[in-house]
Amino acid sequence: MSAFSGILRHEIGMSLRRKGLWIAYGLLFVFHTVLLFSPPPIGEMIKGEVIAKGEVWQVAGRFLLACNVFFPIVAGILSADRVRRDFRLGVRELQDSTPLSRPVYVLAKYLGALASSLLPLFLWVMGIAAFMAIIGRAHGSMLYAVPMAFLAITVPAFAFVVAFSLACPMVMPLSIYQILFTGYWFWANFIPPKLFPTLNGTLLTPSGIFAQQVFFGGHLSLNGAVRHTPADAVANLAVLVTCSAAALFLLDRYLGHLARRA
Amino acid sequence: MKLKSSLKYSWLTYRRDSLWFPLAFLALFVVIVLIMRHPAVRFSIARAYLGFIVPLIGGILAAYAVLDDPALELRFSTPVRAEQTLLARVGLILAVQAACAFVFQLFVGALGIDLSPLGGLLRVQLVWFLPTLSLAALGTAGALAGAQTTMGAFLAGAVWLVQLMMNSWLRLNARSAFLFLGVLAPRDPGLALNQFVLFGGSMALLLVSWALLRRQERYL
């Protein structure tokens with residue numbers, strides 16, 4: 001347990017101290033804040049418009065769905081070197097010589113990378129929700145609708161992305177993974193199925209559209225995807241969790257294979 | 001003899017993934033074009049490969065071109081100038097992308113896919129070259145500015161995705177800085193200005209990269 005919490009704390013601390021993480025998130029925070037608080041055509045703030053209590057859940061869902069367009073790209077690209085760098089710097093070899101078990105290492109590394117990707121975004125979305133409530137632009141219930149939407153829409157997408165970003169670069173060059181991942185994110189989430197064969201609209205869609213439509217009354221679908229049922233949303237979450245667990249399991253097996261070969 | 005050893009050294013130290021990966025993607029798109037039979041779909045795929053995929057690959061690979069080198073410290077101890085390194089590393093990536101784009105155009109031409117909606121022969125080249133140059137310059141400058149390859153890769157990837165996702169808005173409000181104007185709106189009256197801005201911006205970013213690369217202590 002102490003080994004787990006040690007690696008977890010170290011991973012979170014190390015990731016959060018990365019200059020690149022704050023620059024990347026900072027650029028996107030500025031971009032989204034400008035869109036949120038500028039009048040049309042640049043943004044969507046209409047003067048005098050107040051988000052009523054009945055609309056809060058829908059707005060929170062839409063807000064977090066919009067965050068899932070670009071933020072997972074940052075999380076995926078930045079998490080991609082978290083396990084690889086342990087090999088590059090020789091840390092993994094050292095860890096192999098300690099009683100630390102491999103599954104504990106993989107789980108702690110994963111949760112650490114996930115937490116450090118989610119934390120800045122969570123603080124920012126809560127800041128936005130609080131600010132909107134304080135200036136009277138939104139009803140106070142925004143303050144609990146946003147964390148709920150964060151949990152249902154953002155966390156599963158990030159959990160999926162980070163799991164694959166830790167595992168895949170172990171079997172391919174980092175630059176290749178980053179290209180494939182960026183292309184994948186656009187192809188699997190935003191290309192309309194009518195235009196080109198895609199995973200968009202299937203249970204493997206990690207954009208959060210299922211949860212947004214079902215739990216947050218989203219009437220609009222991205223690129224004309226059909227409206228989903230609660231069973232679809234639960235199945236989507238289950239598929240994403242299963243895929244993430246499978247990626248981590250394979251990573252664990254692969255690390256074992258590397259340790260045996262060393 | 002000296003040239004031969006120099007070429008041999010370049011080949012031995014060359015990162016092979018920046019060669020096989022663009023070729024793999026080229027092969028993938030060749031297969032997709034062969035599978036798809038409808039002329040309009042074939043044109044869309046050809047346009048997507050040239051206008052979107054080639055720039056993305058060029059941008060992210062360029063982020064790794066200079067700094068992702070185990071012998072970087074050794075290289076800095078030799079009298080190789082910054083502009084030489086930049087030209088050789090980024091130039092090589094652009095050359096591979098250019099070769100892939102030419103081969104793909106020959107292939108689609110052989111299949112009878114008409115690329116003329118994108119313009120004449122020269123304009124078609126600008127459709128893929130300018131976004132590729134821009135993203136490669138951004139990836140290189142980002143990696144050198146952050147002293148981290150990941151930073152450059154993120155910048156190239158994020159700009160690519162933002163521009164694709166917000167293409168309607170950018171076409172209306174910021175067409176001069178829109179990477180994909182040539183591929184999405186080849187008859188736009190602002191295209192010449194857009195191409196000038198993209199080229200000028202790329203040169204400025206490469207200049208910044210050159211200035212950053214001269215400060216070698218940042219990367220050790």
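All chains are named by letter (A, B, ...) in the order of the sequence lines, taking the proteins before the strands, and each is independently numbered beginning at 1. These figures come from a predicted structure and were not determined experimentally.
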Need one label for [X]: side chain, backbone, both or neither, based on atoms under 4.5 Å from any heavy atom in chain A.
X: Phe52(B); result: neither
X: Val41(B); result: neither
X: Leu155(B); result: side chain
X: Leu172(B); result: neither

Could you give the distance from [atom1] ([X]) to [atom2] ([Y]), rounded to the nearest 0.5 Å?
X: Thr150(B); Y: Arg85(A); atom1: OG1; atom2: CZ; answer: 10.0 Å
X: Met165(B); Y: Trp185(A); atom1: CE; atom2: CH2; answer: 10.5 Å
X: Leu21(A); Y: Met151(B); atom1: CG; atom2: CE; answer: 9.5 Å

- Leading residue by heavy atom contact count with chain B [cutoff under 4.5 Å; candidates Leu180(A), Val74(A), Ile73(A), Ile176(A)]: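 Heavy-atom pair counts peak at Ile176(A).
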- Message: If you compare all heavy atoms of Leu61(B) against all heavy atoms of Ser175(A), which two are closest, and at what distance to 0.1 Å?
- Response: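 Taking Leu61(B) first and Ser175(A) second, the nearest heavy atoms are CD2-OG, 3.8 Å.
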Does a sphere of radius 6.0 Å around [atom1] in [X] hold more than 12 heavy atoms from other residues, nucleotides or ligands, not counting ones at 6.0 Å or beyond?
X: Glu93(A); atom1: CD; answer: no
X: Glu73(B); atom1: CD; answer: no
X: Arg215(B); atom1: CZ; answer: no

- Name the region of Phe31(A), side chain, backbone, both or neither, that has any atom closer than 4.5 Å to a heavy atom of chain B. side chain
- Task: Below 4.5 Å from any heavy atom of chain B, which atoms of Leu27(A) appear? Answer side chain, backbone, both or neither.
- Result: side chain
- Find the one option among Ile32(B), Ile53(B), Thr149(B), Leu164(B) whose heavy-atom pairs under 4.5 Å with chain A are most numerous.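 The residue among Ile32(B), Ile53(B), Thr149(B), Leu164(B) with the greatest pair count is Leu164(B).
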Flag the pair [X] / [Y] as yes when at least one side-chain heavy-atom distance between them is below 4.5 Å, and no otherwise.
X: Trp160(B); Y: Ile179(A); result: no
X: Phe154(B); Y: Ile23(A); result: no
X: Tyr177(A); Y: Ile60(B); result: no

